[in-house]
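Take a look at the structure below.
First the proteins, then the strands, lettered A, B, ... as listed; each starts at 1.
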Protein chains: 2
Amino acid sequence: MEIMIDVDQVANLAQVSRATVSRAFTRPDLVNAKTRERVLEIANQLGYQPNQLASALRRGQSQSIGLIISDVLNPGNAMLVKGVQDAAAKRDYTVFMFNTDEDSDKERKALESLRSHMPQGLIIMPTAGAQENLSLVGNLPVIELDRASGIKGAHTVMVDNTGGSRIAVQHLTKLGHKRIGMVAGSLDISTAVERHAGYQQALAEAGIPYQANLVQIGNHREDGGRLAAQNLLSRPASERPTALFVGNNEMTIGAIFAARDLGLRIPEDLSIVGFDDSRWAKLLQPSITVVAQPAYELAYLACETLLDRLERGRTQKPIQIRLATNFIQRFSTAAPIEEEREKKKEKR
Amino acid sequence: MEIMIDVDQVANLAQVSRATVSRAFTRPDLVNAKTRERVLEIANQLGYQPNQLASALRRGQSQSIGLIISDVLNPGNAMLVKGVQDAAAKRDYTVFMFNTDEDSDKERKALESLRSHMPQGLIIMPTAGAQENLSLVGNLPVIELDRASGIKGAHTVMVDNTGGSRIAVQHLTKLGHKRIGMVAGSLDISTAVERHAGYQQALAEAGIPYQANLVQIGNHREDGGRLAAQNLLSRPASERPTALFVGNNEMTIGAIFAARDLGLRIPEDLSIVGFDDSRWAKLLQPSITVVAQPAYELAYLACETLLDRLERGRTQKPIQIRLATNFIQRFSTAAPIEEEREKKKEKR
DNA sequence: GTGAAAGCGCTAACAA
DNA sequence: TTGTTAGCGCTTTCAC
């Protein structure tokens, strides 16, 4: 990297002082138009760009934000990353990204590491331990993305999980399903709690009593979803749910495998609705009915909100944004087979 | 971020000079064991962490590397990101990630931005314009990941695209296919060229003449793959390929849609092999035969290689690593239907 | 509108 | 083994 040009080189060529060059970049209004143009012109020719490190050190903060997210491998999260990156790039902020893999320790390390890079703000998809961890970064402006840490007064940008789930389960009740199972996420994550609440609401609205044993908790991944669904689906036909609402996309895959293992046809023997859309949901035959989330927009908005807040100053009240989900009906749901017919089938 | 502790605070409490504190962290061997422990202990209590910015500025380089990749949304690329991140985190490097979206301009901007953060090295998945762009970062140690920019003497970490493709197409020739189409990527990307070469080799080995009109170029995305496959598959049955080798995963989706649109059954009417494995390839029915790439390992290795090079000093010869691909036979390929039977079918 | 000078937090000579 | 000192490249008072 020997080719770094510094302020002084520009200053010399432009016959001005360091300070003027600096101002030409950071406070253009404070410098004479002609001088400014000359400086910028020369800087451009030389390929000069202010050293972010020095600048950040001097100003006490860098033109950057942190992004802490659980796992880029989940395509939904990749969308979030992209949204944040794009919004940040548009306004010339650099993003420091860290993965937690849902591990609070990694989250803490990420925060420590981040801190020493002096970001101006942070967008975080909090782990269960975030309440504690976030004290590490003092009063750094933070926006919680996708889910809430539980810190009161926190700024959050999330989707309407409860409403989205409610609509999904309503769809199932309207089709005539009575035994609707749910594969839920771990209940120390706000999204899982909210999606579960939506499930309960829809059931209540349809006058179907809530049965705790129809709800199984999974670990948010394929294997967890598979296990949970297996548990639900391997019951005798009279107890087995005729429909399944699955709380996230990885677990939906697991549930599909579980259904296949048990020889259950979708949607004839089992209706499935997943939360979060994906490539394979569209591609599978039958394609899977889902509650889609505007992940990219959510992340983009979160980033813009953060940057606005940084540039326009603090807001008084906590920002709490909820974006609507989008119910996409495909072909993985159908009316349940009548009990009668089902019984006959079993007698055979 | 008022809570940043600095060297002086630690130094005061530990009754030593700033320099000693600094040394305790960066050259522990140069400081008396007892002093070091005391310093570290106090630093720990205070939650002190050296400011990366100041440190980097002073040393002329930061404990970080750049990662420039085309698009995190492609799950294959997400794997690469994860691999690099994990390898970097393990050795306490921070990763600056930028997306190019295959756009050389964005790549240039990313490099400019990166430069001013003084990374120690760079891992890049080069765009077509990388040869030119990379001059921006002077002699920064660079490793090209997944594909080659074409700069001679460059360090590269890639998979054996040619070999992988050859095996895939061999599989098809062995099944008895004679008219094997290829949906290839844009030929200004090294991977596309190599995969095309593998296709040609396998054909030659089977004594099947290469027909340029059986190769269609797509834009690396679903729509491009769909268009290219449509072109190939909408020909009359006697000219239509009985098998398709598709050069990347997004385009494979497009090809599958094209086949469905035309009512072609997989694998009865059309065998498909894709390059790059994915979630949906396993999940689809029939599941798709693919050439899988060890993306995570590739990226992890690239990062380790870079860091080794940084820490152990320059190597003389360019590093050029090729990892083997893994052919996964699933259920999207079968022997072609005999011409005779096919003809009869058409007469009906 | 511009320049001189101080200093962000750290590390690396150099001295002791 | 430790301390003193200078300075990385930049921005920002404070003068002029």
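Residue B:S55 has no polar side-chain atom (N or O) positioned under 4.0 Å from OP1 or OP2 of C:dC10. For D:dG3, the OP1/OP2 oxygens have a side-chain nitrogen or oxygen of B:T20 closer than 4.0 Å.
Side-chain contact between B:D103 and B:T127: absent, with no pair of heavy atoms (C-beta onward) separated by less than 4.5 Å. Considering only heavy atoms from C-beta on, B:K90 stays 4.5 Å or farther from B:D86 through its side chain.
For the pairing with B:S149, the side chain to side chain donor-acceptor pair (under 3.5 Å) check across B:E144, B:E132, B:Q131 returns one residue only, B:E144.
Between B:Q61 atom CD and D:dC8 atom C1' the separation is 13 Å, expressed in whole Å. When rounded to the nearest whole Å, the span between CD of A:Q63 and P of D:dT11 equals 11 Å. Between the CG atom of A:N51 and the P atom of C:dC8 there is a distance of 18 Å, given to the nearest Å. Rounded to an integer number of Å, the gap from A:D6 CG to D:dT11 P is 12 Å. Straight-line distance from the CD1 atom of A:I5 to the C1' atom of D:dC8: 16 Å, rounded to whole Å. Atom-to-atom, CG of B:L53 to C1' of C:dG7 comes out at 15 Å; the value is rounded to the nearest Å. Straight-line distance from the CG atom of B:D8 to the C1' atom of C:dG7: 12 Å, rounded to whole Å. Rounded to an integer number of Å, the gap from CZ of A:R59 to C1' of D:dG9 is 13 Å.
Qualifying side chain to side chain donor-acceptor pair (under 3.5 Å) partners for B:T156, counting only residues two or more places apart in sequence or in other chains: none.
In this structure a side-chain-to-backbone donor-acceptor pair under 3.5 Å is missing from A:S55 to A:N51.
In the region residues 22-45 of chain A, proximity to DNA chain D at under 4.0 angstrom, judged on heavy atoms, holds for A:S22, A:R23, A:T26.
A side-chain hydrogen bond (donor to acceptor under 3.5 Å, both in side chains) check over residues 19-29 of chain B, counting only residues at least two apart or in different chains, returns the pairs B:S17-B:T20.
Taken to the nearest 0.5 Å, the CG atom of B:N99 stands 5.0 Å off from the CD atom of A:Q85.
The side chain of B:S17 has D:dT4 as its nearest neighbour among D:dT4, D:dC8, D:dC10. Out of D:dC8, C:dG7, C:dC10, the shortest distance to the side chain of B:L57 is found at D:dC8.
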